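A quick write-up on the structure given underneath.
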Amino acid sequence: MNATPNPNAGPTAALREAIAAAIAELHPGVPAAGLERPPRPEFGDYSTNVAMLAAPLIGEPPRDVAARLIPALEQRLGDSLDRIEVAGPGFLNLHMSEGWFRAAAELIADRGRRFGSDVAERRSRVLVEFVSANPTGPLTVASGRHLAYGDSLARILEFAGHEVSREYYLNDAGSQIELFGASIAARMTGDEVPEGGYEGDYVADLGRQVAAEHGEDLDRAELGRIGVELMLAGIRATLERSRVEFDSWASERSLHDAGATEKAIADLRGRGLVYDHEGAVWLRTSEFGDDKDRVLIRADGAPTYFAADIAYHRDKLERGFDLLIDVLGADHHGYVDRMRAAIVAFGAPAETFEVSIMQMVNLVEAGERARMSKRRGDFARLDDLLDDIGVDATRFFMLMRSHETPIDIDLGLARTHSSDNPVYYAQYAHARVCSLFRTAGERGRETGDEPAPEGSLEQAERALIGRLLEMPDQIRRAATRREPHGISTYVREIAADFHAFYRDCRVVGAGPGLEQARLTVSAATRDSIATLLGLLGVEAPEEM
RNA sequence: GCCCCGGUAGCUCAGCUGGAUAGAGCGCCGGCCUUCUAAGCCGGAUGUCGCAGGUUCGAGUCCUGCCCGGGGCGCCA
């Protein structure tokens, strides 16, 4: 990758480079191939398919190419290698030495919470916009999924080495705010809630609260403003208990006040992309891949939501970000093409704008769709879910599946305080290691300079270290694919491997050298789990 | 009609951008605590990877067509 290797990328990076160098030496021009973890233990610790990729380019059988690579690899890897062999259709299977594993564990433990960090190929300035729920109601369970995803993605991108900002876009202007005020007014006086208004019982609660604090004679605009203020305070509180901290809050009203919408439209008009038709003002989004052109200013003179959002995204671009990620619900996917068209219209590359489309979340209780609220016009509130199953389970369950898949959260399972519950399973592994260190006392790793006896590396120990070494790749993958759920899968795999290690490998009192070596593996495990749970926004308790 | 997402074990889902005999959890059955946390571990089985073609040494993964489910296609936000 570059001249100064990142120590947090671990020894697998060096392995990959050795393979690339070996193939480059024998057959220049062949692209470097992958380093994989084979599916079965007898296939070794790592395998590569270089020979199979190179064979058609060279015009030789894959197994022959593989065989000729062996000396080059043996020379480069030396003691790291026990043996290397050609297998199957032309794989090269690498069996690493005990010393290599011991050294790898040392390295991971030495890097601690930094292991796997800064692995991004190039550093970018990223803005992640998520939640952005209208301040006309409390956050819902769906918002909970958005928040878990957006925040975790931001944490992962940051850890991978990017500069990340988290932003909440507040729709605090426009017709829905007026409607909100009118709805509160209606609930205060007992009138019918206006057409398309806010029917939830929380609006009535809000009305009572406002009346108590500000009196009864307020006009709708004031009611709307006060209502938004109160709702926003609630949203902020819910975000805080969900462990989400935004770096910035963008306000639609502020954009309007600054004339940003007019400026954005003028900018686009200057680029010859705006035209008038049937009394409305249109943007030629169809020139940039959208199905049809879109209205910016309605015939009645009012700007559309789209126009305001264009101004907002123009503002994001002007703030100098390389990458804008919007986290949106599945019902907004039709919006993506036109927004990207606007981004391109401003002269930014299409890849600057990315959207993560979130599928829905259902709560399931005993196999049936759970209703978390029986109140009129109300919906599943995130606060109720947090009260029920806690923050850790909420965030973890939201991140167990791909964001592109609808999820059912099994409330019974999420409430369970046993290993059946995946979040406790992972947390317990962390607590167990911590307990191990409490038992081991203050005998630090630095006191042991005696090496572990040759032949002491158990299968379970080897498997655990191999698993921990996946960290840099797992981080890179989760970051580049914008998939936090890979992290939740990975942390459970580490937990499972640790539990097996714990069963098979006595640590405290294992004997001179060996106890030290196993404490090193344990420390590496503890720090890796803490890192990964941290990326999910889940606590890593020292005791359970 | 067009666009997006999904279809993998009884259920909920992973599957590392094309690799070796497709995995995990839940649920079901059975076993394991006088030593570092049993919130743990071990064993037991079930698959037309929605269907049909295609690409190639090799396809759950890529391409085409179709079927089913969900969502979206506004001068709403």
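Predicted model, so just to flag it, every value in this text is computed and none were measured. When reading the values below, keep in mind they use all heavy atoms of this one structure, side chains included, and skip hydrogens, waters and symmetry mates. Within every chain, numbering begins at 1; the chains are lettered A, B, ... in the order of the sequence lines, protein sequences first and strands thereafter.
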Select one nucleotide: of B/rC5, B/rC36, B/rA77, the one nearest the side-chain heavy atoms of A/Glu404.
B/rC5

For B/rG1 and B/rC16, measure between their C1' atoms and round to the nearest Å.
38 Å

Which whole number of Å gives the distance between the C1' atom of B/rG30 and that of B/rG69?
39 Å

Taking only N and O in the side chain of A/Lys292, is any of them less than 4.0 Å away from OP1 or OP2 of B/rC73?
no

Residue mapping more 5' on RNA chain B - nearest nucleotide basis, A/Phe306 or A/Ser402
A/Ser402

Go nucleotide by nucleotide along RNA chain B from the 5' end; which of A/Glu483 and A/Arg492 gets its closest nucleotide reached first?
A/Glu483

side-chain N/O A/Arg298 vs B/rA77 OP1/OP2, d < 4.0 Å:
yes

With syn defined as a glycosidic angle within 90 degrees of 0 and anti as anything else, the base of B/rU61 is anti

Under 4.0 angstrom between A/Arg503 side-chain N/O and B/rC42 OP1 or OP2:
yes

Is A/Glu542 atom CD crowded by more than 12 heavy atoms from other residues, nucleotides or ligands, each under 6.0 Å away?
no

Base, sugar-phosphate alone, or nothing: which one does A/Asn93 contact when heavy atoms must sit under 4.0 Å apart?
base

Write down the distance separating the P atoms in B/rC49 and B/rA22, rounded off to the nearest Å.
11 Å

Please report the distance separating the P of B/rG6 from the corresponding atom of B/rA14, rounded so that it comes out in whole Å.
9 Å

Between B/rC41, B/rC75, B/rA77, spot the one nearest the side chain of A/Ser175, thanks.
B/rA77

Say whether A/Arg145 and A/His403, considering side chains only, have a donor N or O and an acceptor N or O under 3.5 Å apart.
no

Roughly, in whole Å, what's the span from CG in A/Leu399 to C1' in B/rC13?
15 Å

Presence of A/Tyr169 side-chain N/O under 4.0 Å of B/rA77 phosphate oxygens OP1/OP2:
no

Would A/Glu85 and A/Asn93 count as having a side-chain donor-acceptor pair, cut-off 3.5 Å?
no

Does the side chain of A/Gln427 pick up a donor-acceptor pair with the side chain of A/Asp392 at under 3.5 Å?
yes

Among B/rA14, B/rC75, B/rA20, which is the nearest nucleotide to the side chain of A/Pro39?
B/rA20

Check whether the side chains of A/His313 and A/Asp326 place a donor and an acceptor atom closer than 3.5 Å, and report yes or no.
yes

Under a 3.5 Å cut-off for both distances, is B/rC51 Watson-Crick or wobble paired, and to whom?
B/rG65

Rounding to the closest angstrom, what is the interatomic distance between B/rG50 and B/rG70 at atom C1'?
15 Å

Return the value, rounded to whole Å, for the distance between atom CG of A/Leu35 and atom P of B/rU17.
12 Å

I want to verify a distance call: between B/rU12, B/rC42, B/rA20, whose nearest atom is closest to the A/Ala500 side chain?
B/rC42

Paired with B/rU17 by Watson-Crick or G-U wobble geometry, both distances under 3.5 Å: which nucleotide is it?
none

Verdict with reasoning, A/Glu354 to A/Arg482, per salt bridge (Lys or Arg N to Asp or Glu O under 4.0 Å)
CA-CA 10 Å; A/Glu354 259 184 45; A/Arg482 330 287 187 222; 2.7 Å; yes

Checking all strands, does A/His333 fall into the base, sugar-phosphate, or nothing category for heavy-atom contacts under 4.0 angstrom?
base

Considering only the P atoms, how many Å lie between B/rC2 and B/rU61, rounded to the nearest integer?
24 Å

Measure the acute angle between the ring planes of A/Phe498 and A/Tyr502, then classify it against the limits of 30° and 60° as parallel, tilted or perpendicular.
tilted

Less than 4.0 angstrom between a side-chain N/O of A/Arg477 and OP1 or OP2 of B/rG15, yes or no?
yes

Under 4.0 angstrom, heavy atoms only, what part of the nucleic acid is A/Glu252 near: base, sugar-phosphate, or nothing?
nothing

What nucleotide, of B/rC5, B/rA20, B/rC42, holds the atom closest to the side chain of A/Pro38?
B/rA20

Between B/rC51 and B/rG10, how many Å separate the two P atoms, rounded to a whole number?
14 Å

Check whether any side-chain N or O of A/Ser132 sits under 4.0 Å from OP1 or OP2 of B/rA77, and answer yes or no.
no

Short side-chain N/O contact to B/rG15 OP1/OP2 from A/His485, under 4.0 Å:
yes

Distance criterion of 3.5 Å, no angle test: do you see the side chain of A/Arg481 paired donor-to-acceptor with the base of B/rU17?
no

Expressed as a whole number of Å, how far does the C1' atom of B/rG43 sit from that of B/rG7?
32 Å

Write down the partner of B/rC73 under the Watson-Crick or G-U wobble criteria, each distance required to be under 3.5 Å.
B/rG1

Stacking check A/Phe91 vs B/rA20 (5.5 Å / 30 deg)
yes

B/rC33 pairs with which nucleotide, Watson-Crick or G-U wobble, both distances below 3.5 Å?
none

